[in-house]
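Note sheet for the following structure.
Note on naming: letters A, B, ... go to the chains in the order of the sequence lines (proteins, then strands), and numbering restarts at 1 for each one.
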There are 2 protein chains.
Amino acid sequence: MSSTSSEQQHAILAAALKLLAHGGPQALRVRDIATTAGCTTMAVYSRFGGKDGIVEAIYVDGFHRFTQALEEAVNGRPADQGEQLGMAYRMWALENPGSYQIMFTQAVPGFTPSPEATLMALGSFQVLVDTVQAQQGAGHLRQGDATQIAWAQWGMSHGLVMLELAGIQPTEEPVAAEAVYRDGLHAAARGFAPDQA
Amino acid sequence: MSSTSSEQQHAILAAALKLLAHGGPQALRVRDIATTAGCTTMAVYSRFGGKDGIVEAIYVDGFHRFTQALEEAVNGRPADQGEQLGMAYRMWALENPGSYQIMFTQAVPGFTPSPEATLMALGSFQVLVDTVQAQQGAGHLRQGDATQIAWAQWGMSHGLVMLELAGIQPTEEPVAAEAVYRDGLHAAARGFAPDQA
DNA sequence: CAGATGTTATAACACTGTTATGTTTCTCAA
DNA sequence: TTGAGAAACATAACAGTGTTATAACATCTG
């Protein structure tokens, strides 16, 4: 039946996500995924076409949830949306480090996402652009290319998150990471504020 | 002799860097490194202890050259040093993408740098902190924790460079990447400027 | 010179992604 | 119901890669 197929697909993906959460990207081994999902190695090939298929599924699932988390975070006045978005970005990455690495770094050697998956990734970026435009409309950000401003903010978020995920700390106290991140967001907001502000 | 040992070490490292430049981190295969260096597979184990030893050598070599490039770039008035440093950061990463990936991402699955190598990496960060302090002294950046400001700037540089290395472009024109990056640097500088400026 | 130490060359091993193969099970029309 | 075709399973084999073993060779030391 098609329903059991789909259930097994789900079980395999869930097993892969479990291994990913527990041991990072390098814990994604086809045999282990199959064992964890309670099926044979071949099932992974029947359902996903191989390891890259699993990784692509994780990639797509990750961006789906990531985009959703970002959209849900933006629910206040435009003045607050930048910080809300930035903090949600970091939070999601810290809670889903394995997925984040697969989505934004080449943690799995041979894997490159399909064109459709890449488009989906850019759709996630659209949330940032929309937020920038809302803030521009409210006079909190300078006029100009919203894509460019969103890109710079994405860059700062991504860079700080990556450094944090890599375990590189600015100070001895790990508690400071969040404060440093928030301060970076504020600085970026000031940097892109209208001239007269 | 010890000199021939050292020469062979150098030949192996050079071969690894050549493969890295040509095919990226996943082109670093022990057999290929040995063949390119004109020695046997075992020589890699005698000289470097295995693949991780080679990767660590690339890591250390990379941070050595990276730090040097950053230091050489800072040679103007404090007002210009931020942009000089940021542009040198991006330029080095684009010219040494393989090394940059090994240094800042986990491009080689099992590899983790030794504590000494990690200290060396933080030494590179010190160039940023020194520059921030010079700019603070000249009144171009707000007073406060120089480490924190440098960290945010590093984050933005790292994030934008990683996105660029991953081939993700903000617009259709690849020429815009440098302009976007430079604008991001300016925004960060404005964001951390003293209040009255 | 003789032994110890290190290096070379070759091969074998372990792990992982992938493919092949024979068997079983299921589906569904006759 | 039944039998043919298809799908899936279980097992094994294959290919690539990091690593280790082993024996022959070289080099240095006393």
Contacts of B:Gln68 that satisfy side chain to side chain contact (heavy atoms under 4.5 Å, CB included) - sequence neighbours left out: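 In terms of side chain to side chain contact (heavy atoms under 4.5 Å, CB included), with neighbours along the sequence ignored, B:Gln68 is linked to B:His64, B:Glu72.
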Check the distance between [N]'s [atom2] and [X]'s [atom1] and give it to me in whole angstrom.
X: A:Asp32; N: C:dC15; atom1: CG; atom2: P; answer: 11 Å
X: B:Phe111; N: D:dT19; atom1: CZ; atom2: P; answer: 13 Å
X: A:Ile33; N: C:dT16; atom1: CD1; atom2: P; answer: 12 Å
X: B:Phe48; N: C:dT7; atom1: CZ; atom2: C1'; answer: 16 Å
X: A:Ile54; N: C:dG17; atom1: CD1; atom2: P; answer: 11 Å

Short side-chain N/O contact from A:Gln8 to OP1 or OP2 of D:dC9, under 4.0 Å: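 For D:dC9, OP1 or OP2 has a side-chain N or O of A:Gln8 closer than 4.0 Å.
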Phosphate OP1/OP2 of D:dT19: any B:Arg31 side-chain N/O under 4.0 Å: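 For D:dT19, neither OP1 nor OP2 has a side-chain N or O of B:Arg31 closer than 4.0 Å.
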A:Asp183 and B:Arg142 ion-paired at < 4.0 Å: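 Salt bridge between A:Asp183 and B:Arg142, a charged N being under 4.0 Å from a carboxylate O: yes.
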For residues 105-113 of chain B, tabulate all N or O donor-acceptor pairs below 3.5 Å that involve a side-chain atom, not counting sequence neighbours.
| from | atom 1 | to | atom 2 | distance (Å) |
| --- | --- | --- | --- | --- |
| B:Thr105 | OG1 | B:Gln101 | O | 2.7 |

Sub-6.0 Å ring centroid separation between B:Phe63 and B:Phe125: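 No; B:Phe125 has its ring centre 6.0 Å or more from that of B:Phe63.
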Touch class at under 4.0 angstrom, heavy-atom based, for A:Gly50 against every strand present: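 Sugar-phosphate only.
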Stretch residues 11-30 of chain A: residues that reach within less than 4.0 Å of DNA chain D through a heavy atom: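 Residues of residues 11-30 of chain A under 4.0 Å from DNA chain D: none.
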Interface residues of residues 34-46 of chain B with DNA chain C (non-hydrogen, below 4.0 angstrom):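 Residues of residues 34-46 of chain B that come under 4.0 Å of DNA chain C are, in numerical order, B:Thr40, B:Met42.
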Main-chain N/O of A:Gly144 paired with A:Gln136 side-chain donor or acceptor, under 3.5 Å: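 Indeed, once roles are kept as given, a pair shorter than 3.5 Å links the two residues.
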Residues that B:Tyr89 engages under side-chain hydrogen bond (donor to acceptor under 3.5 Å, both in side chains), provided they are two or more places apart: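 Here the qualifying residues are B:Tyr100, B:Trp154.
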Other cluster members, B:Phe192 - Ile/Leu/Val/Met/Phe/Trp/Tyr, side-chain contacts below 4.5 Å: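 Direct or chained contacts put B:Phe192 with B:Val132, B:Leu141, B:Ile149.
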Distance, nearest 0.5 Å, that separates CZ of B:Arg47 from CD of B:Gln8: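 The CD atom of B:Gln8 is 4.0 Å from CZ of B:Arg47, to the nearest 0.5 Å.
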Test applied, side-chain contact (heavy atoms from CB on, under 4.5 Å); reference residue, B:Ile54; option that passes from B:Ile12, B:Leu13, B:Leu20: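 It is B:Ile12; the other options fail the test.
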